[in-house]
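Below is one structure, written out as structure tokens; comments come after it.
Computed from a predicted structure; not experimentally measured.
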Amino acid sequence: MGSATIVAVPDGILVGVAAIEYVAWNRRAILSHLYVEREARGRGIGRMLVQEIQGLANALHARCLWVETQNVNAPAIRFYESCGFAFSGLYTYLYAPHDNADEKALLFTLHGSPRIQQ
């Protein structure tokens with residue numbers, strides 16, 4: 001498997017989506033997308049999607065689950081930390097400088113050996 005997508009559809013309404021990419025050479029699973037409709041936030045849907053992604057990463061024997069967000073996105077930072085992710089890096093040149101010179105990429109990792117901790 002190279003990638004997979006999980007959706008949240010309570011009551012037949014699509015309210016969330018998460019996607020994972022697996023990088024075999026370093027056994028890293030990347031949480032490449034996580035979106036929850038604004039009206040559906042705060043109901044545990046994001047956490048449920050992350051847990052499902054963790055399950056896929058575990059099934060792939062990934063050594064970690066990795067996610068990137070922006071230093072200007074405090075709610076996302078708090079969310080990932082509440083899910084057990086730890087700050088693991090700063091990427092200062094990921095975003096085009098003309099977009100927002102103050103915006104930097106923050107990297108967060110959830111480790112496991114050989115299975116990701118849940």
Polar side-chain atom of N26 near backbone of R63 as donor-acceptor pair, under 3.5 Å: no
Min side-chain heavy-atom separation V15-P10 under 4.5 Å: yes
Nearest heavy-atom neighbours spanning L49 and A18: CB-CB, 3.9 Å
Worked verdict on I6 versus L56 for side chain to side chain contact (heavy atoms under 4.5 Å, CB included): CA-CA 10 Å; I6 297 171; L56 289 175; 3.5 Å; yes
Gap separating the CE atom of M48 from the CD1 atom of I53, nearest 0.5 angstrom: 10.0 Å
Spatial distance of atom CG (N73) from atom OH (Y80) [nearest 0.5 Å]: 8.0 Å
Heavy-atom pair with the smallest gap, counting every atom of A8 and I45: CB-CG2, 3.7 Å
Single hit among T109, T69, L65 for side chain to side chain contact (heavy atoms under 4.5 Å, CB included) with F85: L65
E68 vs L106 side-chain heavy atoms within contact, under 4.5 Å: no
Spatial distance of atom CD1 (I20) from atom CD (Q54) [nearest 0.5 Å]: 9.5 Å
Atom pair CG (L34) and CZ (R47), whose distance is rounded to the nearest 0.5 Å: 11.0 Å
Any donor-acceptor N/O pair, S88 side chain to L107 backbone, under 3.5 Å: yes
R28 side chain reached by Y22 side chain, heavy atoms, under 4.5 Å: no
Shared hydrophobic cluster, I13 / V36 (ILVMFWY, side-chain heavy atoms < 4.5 Å): yes
Within-4.5 Å side-chain heavy-atom neighbours: L90 and K104: yes
Contact check, side chains of F87 and I77, non-hydrogen atoms, under 4.5 Å: no
Side-chain heavy atoms of V23 within contact of W66, under 4.5 Å: no
Between CD on residue E39 and CZ on residue R41, distance to nearest 0.5 Å: 8.5 Å
